[in-house]
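What follows is one structure encoded as structure tokens, with my remarks underneath.
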Amino acid sequence: MSQKLKEIIQSELIEAGITKGFQQAVEKFRDEQLKLDKLRDEQEQLVSKFKKSDPKGKEKLKKDLVSMHKKVQSQQKAVQDAEKSFNKALQDEPEELEESKLRKVKVTYDTGDTITTS
């Protein structure tokens, strides 16, 4: 995520009255999920390479597949822990935000996806 986008999100969260603890939980959860997505992409590429290779190549790739599977499982645990922290921070967050502090935010990602909040 670009630094500018990160700064925009942080400033919007702060202006909306979101606590620092919740902000940190959101960022941690997002970062862990992004790491998991990256590992899954790498795993899919490895599986594709495995399917296309000859028997000798498959034997060599088996160890890599097992290792990658363990990394993905470990990262899934990290995502679950981050999600628990996020949910805890969400419960601790004040329930009401001042409507005047909320602003419409439009974020466009590198993929072209756009998210608009109101």
Side-chain angles (χ1 to χ4, degrees):
M1 185 176 294
S2 72
Q3 184 63 27
K4 182 174 173 89
L5 178 60
K6 196 172 193 176
E7 290 171 6
I8 291 170
I9 291 172
Q10 287 177 343
S11 70
E12 291 301 322
L13 291 174
I14 292 168
E15 288 184 28
I18 295 175
T19 63
K20 188 173 184 171
F22 182 69
Q23 180 181 349
Q24 289 172 341
V26 168
E27 290 173 3
K28 173 85 171 161
F29 183 47
R30 182 198 65 227
D31 292 344
E32 294 298 335
Q33 187 64 47
L34 288 173
K35 287 178 190 176
L36 179 60
D37 291 344
K38 183 179 177 186
L39 282 174
R40 283 184 174 159
D41 288 343
E42 291 174 14
Q43 186 179 34
E44 284 179 22
Q45 290 172 2
L46 196 56
V47 168
S48 177
K49 190 176 177 181
F50 178 81
K51 288 179 180 179
K52 294 176 183 176
S53 65
D54 60 9
K56 285 184 180 180
K58 286 183 179 184
E59 284 300 318
K60 291 180 182 178
L61 289 173
K62 279 183 184 179
K63 291 178 184 176
D64 295 339
L65 282 171
V66 170
S67 174
M68 179 59 74
H69 180 70
K70 288 179 182 179
K71 288 178 186 177
V72 169
Q73 283 183 323
S74 175
Q75 188 59 34
Q76 284 174 329
K77 173 77 168 106
V79 169
Q80 288 173 348
D81 292 345
E83 185 177 16
K84 286 178 186 176
S85 296
F86 169 80
N87 288 330
K88 172 82 171 92
L90 184 59
Q91 289 176 347
D92 294 344
E93 193 69 7
E95 289 184 25
E96 294 184 25
L97 297 174
E98 293 179 36
E99 190 68 33
S100 63
K101 289 186 176 180
L102 298 177
R103 296 188 313 187
K104 192 171 190 174
V105 177
K106 183 177 181 180
V107 178
T108 303
Y109 295 95
D110 294 338
T111 60
D113 296 337
T114 301
I115 297 175
T116 304
T117 63
S118 53

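Residue numbers run from 1 in the order of the sequence given.
Looking at residues two or more places apart in sequence or on another chain, you find a side chain to side chain donor-acceptor pair (under 3.5 Å) between Gln33 and Asp37. Residues satisfying the side chain to side chain donor-acceptor pair (under 3.5 Å) criterion with Gln91, sequence neighbours excluded, are absent altogether. With sequence neighbours excluded, no residue forms a side chain to side chain donor-acceptor pair (under 3.5 Å) with Lys35. In terms of the side chain to side chain donor-acceptor pair (under 3.5 Å) criterion, Asn87 has no residue partners (sequence neighbours excluded).
Salt-bridge annotation for Lys62 and Glu59: present, with a side-chain N of the basic residue lying under 4.0 Å from a carboxylate O of the acidic one.
Under the side-chain hydrogen bond (donor to acceptor under 3.5 Å, both in side chains) criterion, no residue pair touches residues 39-53, with sequence neighbours excluded.
Taking NZ of Lys77 as the reference point, atom CG of Leu36 lies at 14.0 Å (rounded to 0.5 Å). Between atom CZ of residue Phe29 and atom CG of residue Asp81 there is a gap of 11.5 Å, rounded to the nearest 0.5 Å.
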Please set out all donor-acceptor pairs under 3.5 angstrom arising from side-chain atoms of residues 65-75, sequence neighbours excluded.
{"from": "His69", "atom 1": "NE2", "to": "Gln73", "atom 2": "NE2", "distance (Å)": "3.2"}
{"from": "Gln75", "atom 1": "NE2", "to": "Glu32", "atom 2": "O", "distance (Å)": "3.0"}
{"from": "Gln75", "atom 1": "NE2", "to": "Glu32", "atom 2": "OE1", "distance (Å)": "2.6"}

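Taking each heavy atom of Phe50 and Leu61 in turn, the nearest pair found is CA-CD1, 3.6 Å. Looking at every heavy atom in both residues, Gly21 comes nearest to Ala89 through O-CB, 4.2 Å.
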